[in-house]
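Structure first, then comments.
As the structure is a computational prediction, the values presented were derived from the model and not from experiment.
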Amino acid sequence: MDSTLMKFALPALLALTVSAAPAAAIEQNCRFIQAKSDREACYKRQEEELAAKRKPAAPAAEGKTLESMRQMRQDHDAVYRSINNICRGC
């Protein structure tokens with residue numbers, strides 16, 4: 001059980017670490033700006049960039065999920081049709 005957990009936990013942890021690093025780096029750059037107006041402008045740009053990155057990702061994943069569900073449904077229907085054609089009483 002532990003080896004199975006490690007097979008999945010280690011790559012997931014690595015992916016989380018890699019994906020979180022750029023966001024933390026961007027935030028640190030704004031933190032050290034002395035002028036309040038410049039710092040706020042930096043934070044606003046940062047929010048816009050993160051929102052732009054997140055928006056296209058969600059519909060794409062949703063479309064893939066819907067397409068995979070349709071494909072699975074077609075596969076299931078094909079299997080059910082082939083099972084119904086088998087003579088069970090012969």
Side-chain angles (χ1 to χ4, degrees):
M1 169 118 180
D2 291 332
S3 64
T4 305
L5 179 64
M6 289 304 291
K7 285 181 186 178
F8 295 109
L10 187 60
L13 183 61
L14 182 64
L16 180 64
T17 304
V18 170
S19 66
I26 292 172
E27 185 175 324
Q28 290 176 354
N29 292 338
C30 295
R31 191 183 320 172
F32 296 111
I33 298 174
Q34 294 296 322
K36 184 177 180 179
S37 60
D38 292 341
R39 186 173 56 245
E40 289 176 355
C42 180
Y43 282 131
K44 186 174 181 178
R45 279 193 309 272
Q46 180 184 21
E47 288 177 17
E48 291 171 355
E49 289 173 4
L50 289 175
K53 287 180 184 178
R54 289 180 185 153
K55 270 190 177 178
E62 191 174 301
K64 284 185 178 181
T65 304
L66 186 59
E67 185 59 37
S68 65
M69 297 265 299
R70 285 182 185 152
Q71 182 64 37
M72 284 179 20
R73 183 65 156 160
Q74 289 175 352
D75 293 343
H76 286 258
D77 289 343
V79 169
Y80 292 142
R81 280 193 301 274
S82 67
I83 288 174
N84 287 335
N85 290 336
I86 297 174
C87 180
R88 297 182 189 172
C90 299

side-chain contact (heavy atoms from CB on, under 4.5 Å) partners for Glu48, two or more places apart: Lys44
Euclidean distance, Asn29 CG relative to Tyr43 OH, rounded to 0.5 Å: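 Here the rounded value is 10.0 Å.
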Enumerate, atom names and distances included, each donor-acceptor pair closer than 3.5 Å involving a side-chain atom of residues 73-80, sequence neighbours excluded.
residue	atom	partner	partner atom	Å
Asp75	OD1	Gln71	NE2	3.1

Arg39 versus Arg31, closest heavy-atom pair with distance: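 Reported closest heavy-atom pair: CD-O, 4.2 Å.
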